[in-house]
Number of protein chains: 2
Amino acid sequence: MGKQLRYLEIAQIIKERIKNGTFARGESLPSQKELSEIFETSIMTARQALAILEGEGIITVVHGVGTFVAAPALHSDTISLQGFQNEMDRQKLKIHTTIVEKKYGAVKAELNRVFRNEQSEFSCLVRLRTLEGLPVILQRSWVSFENQSVIEEYTADKSLYQLFTERTNIMITLGREIVSPIILGDEELGLLNITEPCPAFHSRRISISLDDKVVLYDEAFLPGPYVMMASSKHGRNNKFKYIIKKDGAMDPLESFNDPQLWEDLK
Amino acid sequence: MGKQLRYLEIAQIIKERIKNGTFARGESLPSQKELSEIFETSIMTARQALAILEGEGIITVVHGVGTFVAAPALHSDTISLQGFQNEMDRQKLKIHTTIVEKKYGAVKAELNRVFRNEQSEFSCLVRLRTLEGLPVILQRSWVSFENQSVIEEYTADKSLYQLFTERTNIMITLGREIVSPIILGDEELGLLNITEPCPAFHSRRISISLDDKVVLYDEAFLPGPYVMMASSKHGRNNKFKYIIKKDGAMDPLESFNDPQLWEDLK
DNA sequence: CAGTGGTCTAGACCACACC
DNA sequence: GTGTGGTCTAGACCACTGT
């Protein structure tokens, strides 16, 4: 077995204590000085452990205030594991959400593979995002049957992601997304009120909890006329986001020169 | 003016010395101990400065060996600012590159906006990437007229990106990419040997040098049947890559469970 | 003001690469 | 073995936040 580095060891112990609830969501951890005393180490080493957990999105460190077990409210403007709503907020667009449908206990066998369990019943939320009245994004979200109450409670004025983490007390720390280019099918065209053949991003995303369980499955259709993806790569740094605009006026060559656009991808 | 932190100050000075050639590409920097003596600081602080430059992809630190001004050969397997060729290598796919056309001094006024200069003549390289004989990606790359020799020298067995940095001695440290979903046009369909209407990713990318100049413009068409995008988000960590497969057998739901796929997105 | 995180020191010692 | 980067110490001092 490999030699255990002190700061990795400490990070692991803190992670365990968050998992088993010793440090609850939203509560503050002992101060760095206290941690260094608890683990009989130096401040620098304790800080190194915290830096790892912060990089993984598990804790949030605030200068002059304290270190907190990541709660959505605390990390909402820094973490990227967010629903589209937050991204649109950041772009200062007046996006409105309409609930198209809520389905409870639907049988959807193929989702077994996604959720990695024996269940075959899931609950689903279908939403339409509109930009100044124009439908621009169609999104379907699935949760396990046991979490259907989250969908029952959902209203359009809140992020499903945030509601989910609050109600279930499950911390989501990892997201995986697969995007394909597609030509929209009839059902999606109808809901999005588009009449011509239309290229779109088809995004499928899973959200994974601290316990390594898949707890949320999202599917989104982002039609080409309204959506682009912008990505910035600077050394190890590598970010991307979706950009939503009302149509036309989306010249990619011009977008390269828009400082605002790249600002938050640094 | 804001207080200058010591490690930021040191990082800035080292960056300047790389720009003006005091530290040349591929050569090693003084050791951390020496740096701490040169800047009259501690090793920890010198290391903090190096950590910043490493994060920006400007230097490469190798345990037991030394610290190097990032040369493509050194950082090729860690940095993400790479052409498609390297990404495909990583996926262990036998991708072959065919040169479709080389154009010199073409007038392309719209590229002024991209390259942010007065020039209107550019040189262009059109390439087709084939997977076991099947054309799967079409790519057009543009350079300023003054760098046309890079395209003259280009052969299919080398990365254009690597050739460019070697020949021009320009360090590329930042990349920006904009991706749209499109339905392929006739010209692209012809070159890719596709006969039916086909959705695709349309990627446009600029590469920016250490001097903040745009030095490379890339355009790629990645047809839906062969290409998906996979993205992983873990705290601040956020990576994506294109996945190329020979068609069919690209079930996104199955892909979520492929550990290999997500391995290098950690 | 007190309490928090952020920077910095001046080393010691460990792990790794190369000869 | 020599030289490199990586970890770690046991603090001091600075910067930020909230009372």
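No experiment lies behind these values; they were computed from the predicted model shown.
Under the 3.5 Å distance criterion, the side-chain polar atoms of B/Asp211 are left unmatched by any main-chain donor or acceptor of B/Lys213. With A/Trp262 contributing its side chain and A/Ser255 its backbone, the two residues share a donor-acceptor pair below 3.5 Å.
Each of B/Ala46 and A/His63 has a nearest nucleotide on DNA chain C; the 5'-most of these lies closest to A/His63. Between B/Val61 and A/Met44, it is B/Val61 whose nearest contact on DNA chain D lies nearer the 5' terminus. Closest-nucleotide positions on DNA chain C for A/Gly64 and A/Glu54 were compared, and the one nearer the 5' end corresponds to A/Gly64. Each of A/Ile43 and A/Tyr7 lies near DNA chain D, and the nucleotide nearest A/Tyr7 is the one positioned closer to the 5' end.
Separating the CD atom of A/Glu34 from the P atom of C/dG3 is a distance of 11 Å, rounded to the nearest angstrom. As rounded to whole Å, 12 Å separates atom C1' of C/dT4 from atom CG of A/Leu50. Across the protein-nucleic acid pair, A/Glu37 atom CD and C/dT4 atom P stand 11 Å apart, rounded to whole Å. For the pair B/Leu5 CG and D/dC16 P, the interatomic distance rounds to 9 Å; values are reported in whole Å. One atom, CD of A/Gln48, and another, C1' of C/dT7, lie 15 Å apart when rounded to the nearest Å. Rounded to an integer number of Å, the gap from A/Gln4 CD to D/dT7 P is 12 Å. Here D/dG11 presents its P atom at 13 Å from CD of A/Glu40, a figure rounded to the nearest Å. We find that NZ of B/Lys33 is positioned 16 Å from P of D/dG6, with the value rounded to whole Å.
Between B/Phe115 and B/Tyr217, the ring planes are perpendicular. Angles over 60° get that label, and only those under 30° would be called parallel.
Nucleic acid contact class of B/Ser36 (heavy atoms, under 4.0 Å, all strands): none.
Dashed line: the shortest gap from a side-chain N or O of A/Arg47 to OP1 or OP2 of C/dG5 is not under 4.0 Å. Contact check, A/Thr41 against D/dC8: no side-chain N or O comes under 4.0 Å of OP1 or OP2.
Comparing D/dT4, C/dT4, C/dT9 by their closest approach to the side chain of A/Ser31 singles out C/dT4. With distances taken from any side-chain atom of A/Gln32 to the nucleotides C/dG6, D/dC8, D/dG6, the minimum falls on C/dG6.
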*asked:* If you apply the rule side chain to side chain contact (heavy atoms under 4.5 Å, CB included), what do you find for B/Asp218 with B/Ser203, and how did you get there?
replied: CA-CA 8 Å; B/Asp218 271 291; B/Ser203 156; over 6 Å; no
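To the nearest 0.5 angstrom, A/Ile206 atom CD1 is 5.0 Å from B/Phe256 atom CZ.
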